[in-house]
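Lettering of chains follows the sequences in order, A, B, ..., and the numbering in each one begins at 1.
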There are 4 protein chains.
Amino acid sequence: MPGEVLRIGVIGVGRIGRVHIETIQSIKNAAVTMVADIWEEGARQVCEQYGIPKYVKDYKDLIAAADVDAVLICSPTDQHASQIIEASRAGKAIFCEKPISLNLNIIDEVCNVVEETGALCMVAFQRRFDPTFRRLQSAVTKGEIGDVHMIAITSRDPGPPPVAYIAQSGGLHCDMAIHDFDMARFITGSDIVEVFTKGDCKIDPAIAEAGDIDTSLVVLKFANGVIGTISNSRKATYGYDQRVEVFGSKGMIQSENLRPNMCTLATAESVHQDLPFNFFMDRYTEAYKVEMEEFVKCALAGSKPPCGVAEGRAATKVAMAAAASMKSNAPVAL
Amino acid sequence: MPGEVLRIGVIGVGRIGRVHIETIQSIKNAAVTMVADIWEEGARQVCEQYGIPKYVKDYKDLIAAADVDAVLICSPTDQHASQIIEASRAGKAIFCEKPISLNLNIIDEVCNVVEETGALCMVAFQRRFDPTFRRLQSAVTKGEIGDVHMIAITSRDPGPPPVAYIAQSGGLHCDMAIHDFDMARFITGSDIVEVFTKGDCKIDPAIAEAGDIDTSLVVLKFANGVIGTISNSRKATYGYDQRVEVFGSKGMIQSENLRPNMCTLATAESVHQDLPFNFFMDRYTEAYKVEMEEFVKCALAGSKPPCGVAEGRAATKVAMAAAASMKSNAPVAL
Amino acid sequence: MPGEVLRIGVIGVGRIGRVHIETIQSIKNAAVTMVADIWEEGARQVCEQYGIPKYVKDYKDLIAAADVDAVLICSPTDQHASQIIEASRAGKAIFCEKPISLNLNIIDEVCNVVEETGALCMVAFQRRFDPTFRRLQSAVTKGEIGDVHMIAITSRDPGPPPVAYIAQSGGLHCDMAIHDFDMARFITGSDIVEVFTKGDCKIDPAIAEAGDIDTSLVVLKFANGVIGTISNSRKATYGYDQRVEVFGSKGMIQSENLRPNMCTLATAESVHQDLPFNFFMDRYTEAYKVEMEEFVKCALAGSKPPCGVAEGRAATKVAMAAAASMKSNAPVAL
Amino acid sequence: MPGEVLRIGVIGVGRIGRVHIETIQSIKNAAVTMVADIWEEGARQVCEQYGIPKYVKDYKDLIAAADVDAVLICSPTDQHASQIIEASRAGKAIFCEKPISLNLNIIDEVCNVVEETGALCMVAFQRRFDPTFRRLQSAVTKGEIGDVHMIAITSRDPGPPPVAYIAQSGGLHCDMAIHDFDMARFITGSDIVEVFTKGDCKIDPAIAEAGDIDTSLVVLKFANGVIGTISNSRKATYGYDQRVEVFGSKGMIQSENLRPNMCTLATAESVHQDLPFNFFMDRYTEAYKVEMEEFVKCALAGSKPPCGVAEGRAATKVAMAAAASMKSNAPVAL
């Protein structure tokens, strides 16, 4: 792997691409040296704003560039797989947004190529880098709550995305709960071996018309015997609701939502606090930063990334099983 | 119904019988006038301690007594049904500990007799009278959280009862979770139409040898479309864990555990609070009081009790279905 | 001291007298056998409601009665001193509402008579029996926070009493803050040796016209070197605000307000909880019960009460010094 | 004022100087173009680490440099005043660490020069930019708690600095509490007109030998009639304790400490949370960032800074009065 500064090329300058570019500004030994987007005007603007020397329309030019050490794949989902494969073959370090693909066969192919080429490929499960979830996972790992018996994950968005987005998203389990399936595996340190799902459309009938649900409960059985639940909703009026509770033989650890300030106001009506952070950009600011720092560190050192294509594959597989269980109203073994 | 003071006869002077006798001491228009227990020494002691004028060995004498207006059935579970039936026919107001029976046919017979005789029979789901759960139920009823989408009940004991007790208890779902099934119905105001259960023995192998589990997760589907979970454990090291969370279209309401004091201590190690109340006697002191007051009020007024044999039957039926689902690893419709 | 049941006579059947009578109903080895009040109709009603056998108009008849073992003095403040003295000389156990008097010379006389007669006289600082403050005091005593450096007491009423009451109350420091001066002594286990007061009338100009203040901050210096503050207000819109924080060489202990339920509601506006208990009747229900139980226990055993006339005297003396400091805008040594 | 990017020169590359240099890395329209320090090796290292083009030994060279638009004064306190004066005369925008000086006459001279030259000079009270305190101040300003009656500031360090530092620090009030005096003025929006102080040395006798205290309570009276307290300690075992409570006619707002994670762990011993952030670097990370952004914005726009020399002067004047009050044990008017 390269010299002192990691030269990064970013494919896709949409919302998440810009988040990563912004984050990289404050990482010492990394610099964005190129962006690629078919939307030329967007690419040009981003270059100007961040002083990035070059943009290209065709991502293939970025992957081929000699002055690019690492590739950030922030393109639409259906391009992830081929771009990982191409970047792997070009010997680049890779950071790819989730999911790798909505097709398990394609994911398998990606995993094979990554293995063959020995490429360094990190999949973007940023919640693993959140200080609160890290503390929780460390409590579990260090045995602070003894043997784990149960885990309960609550994960609710402040509001549903546009129905057009939902229609091509792969469904709530592959699009939204996939982060929670990864979190469940991350915290318990165990694979999921069975799922059972109840799901419904309670928020907007248009979501049902688009073939999806907006409310879901998944029961998880893990290889190590732990039982778990994931409770999802596309709309929590009070903001982004991201909590985890783990119960074990020696105790319990829970995490609360993060808040923009630590004030409590008592009036004649009630004792109240401002709502928690509204969505992932604010809630996971710190996590995005630590995630990118870890990627840069791995890429420079050539070491194994903390979550790779295997993690991406596992979460997607569980998501698909969860969706299947809902349809059959029966447990599905993995 | 009788005069100004309700004259109460208590069958069974074990732990819960004594709790009720103690509670009645501070209720103005009620008095314990007789107790019945085959354990004569126990009955004698209780009479002496509380200044109760009379005790009998045979509960039939208590039911037949002219100076007893209401009967509290605190005997072992297998006597509940016949005692309700006899007291119903004797025209007494009845307060019976849960469960009515572990046999659904017997419960049906009890329900029939209660209906025929028009007896006033209240089943002891004391959690319905807890101020915290009442506030939660009132928030749901008044629409403070909008349409209910999901409910999650956490219910964990501080430690398992003796294995000998467990062996004849009817199993975790009929013995322990039955309170939670009633709570689920109480708060959502809806019947449970399907259950799916994952259960395991994680705390003590002797419990498995006795044919029971100690850890359970039940997924509930309600008639009104709500999805729910009940998470049970026989052993929470940190004390009695009794929490409910309800999520709806307008928001969420959660309840925390009650604590013996409201102090927080910050030292060089951590910021900490004393453990919550250890078990039901301390946690539900207030609930037992309100429950008995409500029973006395109903008995004196001859009005319908807030939870009757129908509620007892419904909770038991769900408990049995939950146990069946665990065995079949499939959802069970009710 | 007498037999198995303490026979109690209550002087004064106003609000606090009735609280104590109600409390005694659930104390096993105590009974109210007589009440005295010049308001005959009130006395008659109370006797009827609680099944008390006798009432008298003249409190002297109650003190003289052979079938009264203990006297509860719940009369107006200006009668406390003489009634303590008379009951002391009559050999009764005495429980007296605070303050003993608004005149320090009279208090001294009371203390002398109590000492000479060896009377058992408990002064009603019920907060000493509150489980939360007991936990806090025990943390301090056991050294859980090390050597105490500072204490901060917050004590705010939900609303001011009628101005007519305020006019004859002895002023905020003698009427309201007296409980906080006692709490300060109770928790630190040390005498107050200097006070400095800032006070103002911010809530109702009528209070200033009546010669009093409604907002006060008192700085305390204790014999053991601790520095403290007491922050008082006659009107906290959010209910009865009763909190204490103690800071020491090993840490800090704080107490929060008690709440009628442990629910938290999150909506699109905020995350909120119902207001804390509104006033002392609800906030200190448990404390009133423990206090009376302790008095009954002491009276039956003839043992020293946990807070006696010396504690009453000390708190009043500090209150007067606090009022003097406010006028002189200078520290006052005690 | 200059072009698009503010070219910043930093005088002093000690701890706080490096904090600001680090912060500036992620501010788009600002760049550190020069540093000055008599400690040449330190200056050289900082330049290398952050890619800063130039360093000088003599700060006068930095102030005189044409390619420096703004000067950050991070030198020892006794150099602040002369450097502000020189930078003012050189037409630079100035950001100066607190305090301006420990001599009020010198501060007055600085204020005069700043006024004469029309220099833009911001004093570094970073807590004004903390999101939690901003929310609190905004609640007060918007009238969410009505008219303010009382404010209580708790401000405790995790441990005392070296005694050598303390000896030349100007004392607890000028060195540490100065931030709290500024916070008191910031939140109430009013000047302090009287102080009364109790102080002591409770943590380390060496601090007393160095002529200082480590524990302080200051009572504040504000021009608008508000009464307040500031409670300081040099050693809170549980970490950096930074809380504010404001009480008013419509309610109360309080702020809690910030924590590194939002987890709660319940075990057989207690329910606990990790300690709050340990000290100002972690606690005020966000505040330092917002502060510098505001300075850059003001410097580029040539607009009035949110806290200037007048704020620095006011806080120092109160600090000196607080120290005087402690010595005289009497209130001191300002």
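For Glu48(C), the CD atom counts as loosely surrounded, since its 6.0 Å shell holds 12 or fewer non-hydrogen atoms of other residues, nucleotides or ligands.
Within residues 274-290 of chain B, the residues having any heavy atom closer than 4.5 Å to a heavy atom of chain C are Asp274(B), listed by residue number. Contact annotation for residues 15-33 of chain B against chain C (heavy-atom separation below 4.5 Å, listed by residue number): Glu22(B), Gln25(B), Ser26(B), Lys28(B).
For Phe133(C), no part lies near chain B; criterion is any non-hydrogen pair under 4.5 Å. For Pro260(B), the part lying under 4.5 angstrom from a heavy atom of chain C is the backbone only. For Glu144(C), the parts lying under 4.5 angstrom from a heavy atom of chain B are both the backbone and the side chain.
For the set Leu258(B), Asp130(B), Ile253(B), the entry with the most heavy-atom pairs within less than 4.5 Å of chain C is Ile253(B). Ranking Ile145(C), Val271(C), Thr267(C), Val244(C) against chain B, the residue ahead of the rest is Thr267(C), based on heavy-atom pairs under 4.5 Å. Chain C forms more heavy-atom pairs under 4.5 Å with one residue of Val246(B), Thr264(B), Asn257(B) than with any other, namely Thr264(B). Of the residues considered (Gly146(C), Ala266(C), Gly51(C), Ala268(C)), Ala266(C) shows the highest number of contacts with chain B, using heavy-atom pairs under 4.5 Å.
Evaluated for a side-chain contact (heavy atoms from CB on, under 4.5 Å) with Cys263(C), the options Gln254(B), Arg135(B), Glu256(B) yield exactly one hit, Arg135(B).
Once rounded to the nearest 0.5 Å, the distance linking OG1 of Thr132(B) with CZ of Arg259(C) reads 8.0 Å.
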